[in-house]
Amino acid sequence: MSTETAPTADRVAASPPAGWEEARSRVYAVGLAAALPVVARPLVDTDGSTLAEPLTTRTDLPAFPTSSVDGWAVRGGGPWRVVGRVLAGSTPAPLTEDDTTVEIATGAMVPEGATAVLRVEESTTVDGLVSGVPRKTPEWRKPGEEAYADEELLPAGTPVDPAVIGLAASCGHDTLRVRRAPRAALLVFGDELLTAGPPAAGRVRDALGPAVPAWLRRYGCQVRPSDVVGPVADTLPAHVAALRSALANADLVCTTGGTMNGPVDHLHPTLEALGADYVVNTVAVRPGFPMLLAQVAGDDGRIRFVAGLPGNPQSAIVALVSLVAPLLAGLQGRTMPVLPQATLAEAVPGRGDHTHLALVRLDRVAGTAFPVRHVGSAMLRGLAGADGFAVIRPGTSGEPGDRVPIVPLPLLPGERAS
């Protein structure tokens, strides 16, 4: 896959935009090629990370026969003489004589020589002898019933959530080898932005500086407060200095604004000054135009990435779900995200030869998607009530009853969509 060197402003204007699906595939591929290093982490520190190797069992599961009920482990046809007691966590002596039994607790190891386990509620005890009829189905879990030693349970690339952590612990693991979490930074461009108080006097409140780091964390990134910088002064030297500094410590730097070619849009000249190569330079999608992803080789030879998000807030989030999400999936060694589908409950207009990402609210029980209101590029009200974006492909419109892909908004690490 080829990339192009950051061009001059004239060449930027002449560059045809990439198709939305093509752009997603392209950025995922470069992310996967630059997948982050593998590290060993204690189980408690792995939530939200990604398995770097398959999860296998260290023993059979269960490792030994365990009683699935409280009752009696018996040998022979009975009545049975009580010769002991077995609790979970202990190793019992074998049952060597017929018509003997030991009291046994749920989860306890079944003694060698036992022929059945009799439930306590289905037994009677008279004069020290236990009577009853064991069920035909064995009341214990056999070794390897869940998995055999060294069996692969989950492949590399699986996101780690609490269920995976619990499974790993049950397999006997104390640590997991996972991909290091991506480190992300954010540069906010725009002298017109306020960082506190209400908008006034021609200046607007910066909505992306507080919001984008939270989105990035939901994609598994580490973002420290010191990694969020801005507003950066609207000069080329300030942009170059800020981006160079951010790239020194981050795997991914997101910028907001400056993706056009206006008099104070300095992102393209900054990328040129830093010797960046474009992976994607503009995407045929609305809202979200223009967005970009570039790569920069560090002094250590490792590739860093710059995601240029538009300054309009909803357009910036479209750029996140379109370019940043598949890039991060690749960097974390995950599979390319597969988009779920839903049935449109109402019509959604197309956007000509561009893909339309339309904010929708999902009825997950019915499997339907409802367009929301207040969806202008500069608006966030619709986003706050949405579950994701319906994908309306170029040259089409969405009609009620159409099945369309949905780009979900990211969840917190460990969460699963209902």
Can a salt bridge be assigned to the pair Arg180 and Asp251 using a cut-off of 4.0 Å between side-chain N and carboxylate O? yes

What do you reckon, is CD of Glu346 surrounded by more than 12 foreign heavy atoms closer than 6.0 Å? yes

Under 3.5 Å, is there a donor-acceptor pair linking the side chains of Ser123 and Trp72? yes

Are any non-hydrogen side-chain atoms of Gln332 and Pro182 less than 4.5 angstrom apart? yes

Is the Lys NZ or Arg CZ of Arg217 less than 6.0 Å from the centre of Trp215's six-membered ring, within 45° of the axis? no

Would you say Arg203 has more than 12 foreign heavy atoms packed within less than 6.0 Å of its CZ? yes

With heavy-atom distances below 4.5 Å as the criterion, would you say the side chains of Arg304 and Gln295 are in contact? no

Determine whether a donor-acceptor pair (N or O, by modelled atom type, separation under 3.5 Å) exists between the side chain of Arg179 and the backbone of Leu36. yes

Okay, side chain of Thr101, backbone of Ala73: is any donor-acceptor separation there less than 3.5 Å? yes

Could you tell me whether Arg85 atom CZ has more than 12 heavy atoms of other residues or ligands within 6.0 Å of it? no

What heavy-atom pair brings Ala211 and Ala207 nearest, and what distance separates the two atoms? CB-O, 3.3 Å

Tell me whether Ser322 contacts the main-chain N or O of Val318 through its side chain, where contact means a donor paired with an acceptor under 3.5 Å. yes

Less than 3.5 Å apart, any donor N or O on the side chain of Arg81 or Thr100 sitting next to an acceptor on the other? no

Can you tell if the side chain of Leu43 reaches within under 4.5 Å of the side chain of Asp174, non-hydrogen atoms only? no

So, does His354 use its side chain to make a donor-acceptor pair with the main chain of Gly19 at under 3.5 Å? no

Thr175 side chain to Pro42 backbone, donor-acceptor under 3.5 Å: no

Can you list the steps and then say if Leu243 with Val253 is a side-chain contact (heavy atoms from CB on, under 4.5 Å)? CA-CA 8 Å; Leu243 187 52; Val253 179; 3.7 Å; yes

What distance separates Gln341 CD from Asp402 CG, expressed to the nearest 0.5 Å? 10.5 Å

As a test of understanding, state which of Pro138, Pro92, Ser68, Pro65 forms a side chain to side chain contact (heavy atoms under 4.5 Å, CB included) with Val110. Pro65

Taking atom types as modelled, find out whether Thr50 and Arg334 have a side-chain donor-acceptor pair closer than 3.5 angstrom. yes

Does the side chain of Asp206 come under 3.5 Å of the side chain of Thr195 through a donor N or O and an acceptor N or O? no

Carboxylate-amine/guanidinium contact Arg119 Glu139, below 4.0 Å: yes

Would you say the side chain of Val83 lies within less than 4.5 Å of the side chain of Val102, judging by non-hydrogen atoms? yes

One thing to verify: whether Arg361 and Asp387 come together as a salt bridge, which I'm taking to mean a side-chain N less than 4.0 angstrom from a carboxylate O. no

Correct closest heavy-atom pair for Ser131 and Leu118 would be O-CD2, 3.8 Å

